[in-house]
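Taking it in order: structure first as structure tokens, then the write-up.
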Amino acid sequence: MIGRSCFDKVIAAYRRVIRITSISYKRSHTITQLNGNSGSVRPLDFREGLSMIIEGTKIEAASYVPLLQECINRNSLSEVKIVHGHIIKTGTHQDPFVMTFLVNVYAKCGTMEEAKRVFYNLPRINAVAWTSLMTGYVQNSQPELAIHVFLDMLEAGAYPTNITLGTAINACSSMESSKLGNQIHAYIVKYRTEDDTSVGNSVCSLYSKCGSLGSAIKAFRRIREKNVISWTTVICACGENGEAFQGINFFVKMLSEGIEPNEFTLTSILSMCSTMLSLGVGLQVHSLSIKLGYESSLRIRNCVMYLYLRCGSIDEAQKLFDGMQRVSLVTWNAIIAGHAQMIEIAKDDLSAHHRGTEALKIFSKLNRSGMKPDLYTFSSVLTVCSRLVALEQGEQTHAQILKTGFLSDVVVGTALVNMYNKCGSIERGSKAFVEMSMRTLISWTSMITGFANHGHSQQALDLFEDMLLAGVRPNQITFVGVLSACSNAGMVHEALNYFEMMQKDYKIRPVPDHFECLIDMFVRLGRLEEALDFIKKMDFEPNEVIWSLLVGGCRRHGNMELGFYAAEQLLKLKPKDPDNYLMLLGMYLSAERWEDVSRVKNLMKEEKISKIQYWSWIGIKDQVYSFKPNDRLHPQSAEIYKLLDELLDRAESLGYKSQECFELIDEDDEEQTFSSTVYHSEKLAVAFGMLNTLNVAPILVIKSTPMCRDCHNFIKVVSSETGRQIIVRDSKRIHKFVNGHCSCGDFGFGL
DNA sequence: CTAGGGTTAG
């Protein structure tokens, strides 16, 4: 980074020179045009050219250009060096045109050191050469250096062309320095080159990057002869500034004026369709791009695939992916992220789980393909691991990240912290957090929430105070973590304090999530009247979660009158969460209110509540094993039940009493019946885990519905009897069983 | 001269 005084120097120098040279634009322009004309030399085929070079045959100077161009397309620095060597051998390094082009070539290959060396050895340095070096620095994310070159150029007495000015503006755009940009723009206006197409394009882009769409559109309007780049720039400006719809309008106008979009235009429009989730428009653009001959364009294919993913048509996306012969890393990343995103919105846990394992499969395919994953890949994969509670895969990914050096990236680091926390290892999560060299709001929030979910309330609150001391401003989500920490520990006083702090000090409006934490807290403490008071105080209607918390609390604390009232409210909302139907059925059943039981069942049919699936699953190595209640399909069934019966006996001798717990069982395909069962799916999965993992390894089980009280008691005893850590993540929270205790404080199970 | 597509907390 260079200081502001340097910019002032640039401006001062620029001011000096532009006064003397303002008349000479025309002349510089001709130089460009002359250089742009490569004459009537027959272009060489790449292979032909390269073999001539290897044989040492002399080739014409102008033939080097298409040859080098092909090297760029193939992104092959080694081939560039071969050609460069030949240029020197044949004495063509005296040719200013070829050598200037070589500056571009090295810049495009990302090696600015080489580009600089060629530049300083040029036989003659003209405006095009200066501009090439500047462009190189802008492209390689060193805009400050581009401005330095600009200054050198002016001091050397060279005349900036329109393209030079445009490049200087581009450097300002990358630095997001509207100040310097404005200054240069002022001179552009003064010397009336504003209506020039390439200058105007750059100015339009500058204002878009600086966040003023209005100025960007004005700059666009002032361009006399708008080309496809001008249109693309203004369309992108709309997209970048959250006005995708306006961008589409510009696109339509562009088409009606007979300007043909190119690959850039099409990809920009397609990604805007993705953000707007307008699959229909996007597909029309896709067929337009096929008509225009871009059917095999990888970039357009990536965009269309991403469009499908965003709009939830994952199968279409997968089909497109499978049909692509050539893919880029972005293609892989998009399909992995797409599957990861589908985990959230999947209809049921089993299909969500399927999405996740699919994503991990694609990731290992990517690794086998020889392409190197990057920080985007790793962030997505870690997210998938955390959602699947796939600790082993997460550890492997962690190792791979260490090897490839992406751990220094703050997003990857945050995803890693989150993965360990979600997979039950708060120790490694907090270790990874401490080791981060930089933390964002999201990192802090993730760790606070991690502590809260693991029942480490005090640590969550301490960390929150650290965060404030570090000068990071909490947001709504941070406070959800803080309040849930208070709620889990029953810290009423602290909860109310933080709730007030959030509103008064940080001006954050409470959302339902915040109230849910508070109401949950009062309900757990059996302070049902206070919970009800709080509900009355909210400035929005109580939602499904809030009523269901109240119903659950009333059942637990035996306040049936309030319980039935809350249940009525819940029924009125026609809940979406299958767990709530289960809870209501349980309540009415134990109260022997048969009419209400059938009322709930009818509502379930009416609302098309999918069958409640009591699946549990466990991942061992790369395989995932799933279990239904009383599952006997598994090949190891005999061993599983034998171990389970042994454990039940041992537990009973220690005072564990099996309790009747109800789950809805699928007896035939049509009807769900209510029945009690000892062999709940989580018991089976835990036993299976014991049989198939090392004695020291923690057992990780996921369950699609809340754990019941019986399984919770049983697994507590098992954890102390066997000395194994057992982690069950159910649909509500994480339960970490260690030495007979659960991190949820025994308030976190279902019925 | 446009420089596009993919990531983290709930």
Side-chain angles (χ1 to χ4, degrees), chain A residues 32 108 131 135 138-139 161-167 169-170 173-174 196-205 208 223 227-237 239-240 261-272 274-275 297-307 309-310 328-338 340-341 344 373-384 386 406 409-419 421-422 436 439-450 452-453 474-481 484 511-514 516-517:
Chain A
T32 332
K108 282 250 165 65
T131 310
T135 308
V138 175
Q139 281 168 351
T161 67
N162 284 347
I163 293 178
T164 319
L165 292 173
T167 308
I169 291 276
N170 292 341
S173 299
S174 332
D196 174 82
T197 311
S198 99
V199 172
N201 293 347
S202 294
V203 173
C204 176
S205 177
S208 164
I223 300 171
N227 63 8
V228 59
I229 297 171
S230 320
W231 286 97
T232 306
T233 309
V234 78
I235 289 168
C236 288
E240 280 162 11
N262 64 14
E263 200 186 25
F264 285 106
T265 328
L266 294 167
T267 50
S268 305
I269 284 290
L270 282 170
S271 58
M272 282 155 76
S274 303
T275 44
S297 153
L298 179 58
R299 284 172 179 142
I300 288 187
R301 282 177 171 228
N302 282 342
C303 284
V304 175
M305 193 185 83
Y306 187 64
L307 176 74
L309 291 170
R310 284 271 315 188
S328 65
L329 185 57
V330 176
T331 324
W332 288 101
N333 288 346
I335 193 96
I336 291 172
Q341 163 200 302
E344 292 288 282
D374 68 357
L375 67 164
Y376 292 102
T377 331
F378 287 130
S379 316
S380 295
V381 169
L382 287 172
T383 310
V384 172
S386 69
F406 283 108
D409 180 76
V410 66
V411 177
V412 174
T414 306
L416 187 72
V417 168
N418 189 49
M419 185 277 291
N421 289 345
K422 290 281 160 61
M436 287 174 84
R439 295 172 197 93
T440 62
L441 166 66
I442 298 180
S443 324
W444 289 98
T445 304
S446 179
M447 194 64 227
I448 290 169
T449 309
N453 289 342
N475 69 5
Q476 204 186 69
I477 301 166
T478 319
F479 275 104
V480 176
S484 86
V511 293
D513 287 351
H514 299 125
E516 286 160 18
C517 291

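All values below were derived from every heavy atom in this structure, side-chain atoms included, with hydrogens, water molecules and symmetry-related copies excluded. The model shown is predicted, which means the values in this text are computed figures rather than measured ones. Reminder, nothing fancy here: chain letters follow the sequence lines and each chain counts from 1.
- The side chain of A:N170 contributes an N or O atom lying less than 4.0 Å from OP1 or OP2 of B:dT2.
- The nearest whole Å value for the distance from the CG atom in A:L375 to the C1' atom in B:dT8 is 11 Å.
- Side-chain N or O atoms of A:S205 include none that pairs as donor or acceptor with a backbone N or O of A:N201 at under 3.5 Å.
- Here A:Y306 pairs with nothing under the ring-ring contact (aromatic ring centres under 6.0 Å, His included) rule; sequence neighbours left out.
- Here the nucleotide nearest the side chain of A:T135, chosen from B:dG10, B:dA3, B:dC1, is B:dC1.
- For B:dG10, one of the phosphate oxygens OP1 or OP2 lies less than 4.0 angstrom from a side-chain nitrogen or oxygen of A:K422.
- Considering only the side chain of A:S271, B:dG4 comes nearest among B:dA9, B:dG4, B:dT8.
- Atom pair A:L382:CG and B:dT7:C1' shows a separation of 10 Å (rounding to whole Å applied).
- Checked against B:dG6, B:dT8, B:dC1, the side chain of A:A337 finds its nearest nucleotide in B:dG6.
- Atom CD1 in A:I442 sits roughly 10 Å away from atom C1' in B:dT7 (whole-Å rounding).
- Within 4.0 Å (heavy atoms only), A:N262 reaches at least one base atom of the nucleic acid.
- For the 3.5 Å distance criterion, the side chains of A:T167 and A:N170 fail to qualify, holding no donor opposite an acceptor.
- The nucleotide whose nearest atom lies closest to any side-chain atom of A:L329 is, among B:dA9, B:dC1, B:dG6, B:dG6.
- In the set B:dC1, B:dT2, B:dT7, the nucleotide with an atom closest to the side chain of A:Q139 is B:dC1.
- Closest to the A:F264 side chain, of the nucleotides B:dC1, B:dG10, B:dG4, is B:dG4.
- At least one side-chain heavy atom of A:S443 sits less than 4.5 Å from a side-chain heavy atom of A:V410.
- Applying the ring-ring contact (aromatic ring centres under 6.0 Å, His included) criterion to A:F406, with sequence neighbours excluded, gives A:F378.
- Between A:D409 atom CG and B:dT7 atom C1' the separation is 8 Å, expressed in whole Å.
- Residue A:S328 is classed as a base contact, given a heavy-atom separation below 4.0 Å to a base.
- Contact annotation: A:S268 side-chain N/O to B:dT2 OP1/OP2 distance is not under 4.0 Å.
- With hydrogens and angles ignored, a donor-acceptor pair closer than 3.5 Å exists between the side chain of A:T267 and the base of B:dG4.
- Using a 4.0 Å heavy-atom distance criterion, A:N201 is classed as a base contact.
- If you check every strand for non-hydrogen atoms under 4.0 Å, A:T383 touches sugar and phosphate atoms only.
- Of all the heavy atoms in A:S379 and A:L375, the pair that sits closest is OG-O, 2.6 Å.
- Taking atom CG on A:D374 and atom C1' on B:dT8, their separation rounds to 14 Å, with Å as the unit.
- Atom CZ in A:F406 sits roughly 12 Å away from atom C1' in B:dT7 (whole-Å rounding).
- Among B:dG4, B:dG10, B:dG6, the nucleotide with an atom closest to any side-chain atom of A:E263 is B:dG4.
- In this structure, A:I448 atom CD1 and B:dG10 atom P are separated by 12 Å, rounded to whole Å.
- In this structure, A:Y306 reaches the sugar-phosphate backbone alone: every heavy-atom distance under 4.0 Å involves primed, P, OP1 or OP2 atoms, never a base.
- Residue A:L441 contributes atom CG, which lies 12 Å from atom P of B:dA9 at whole-angstrom precision.
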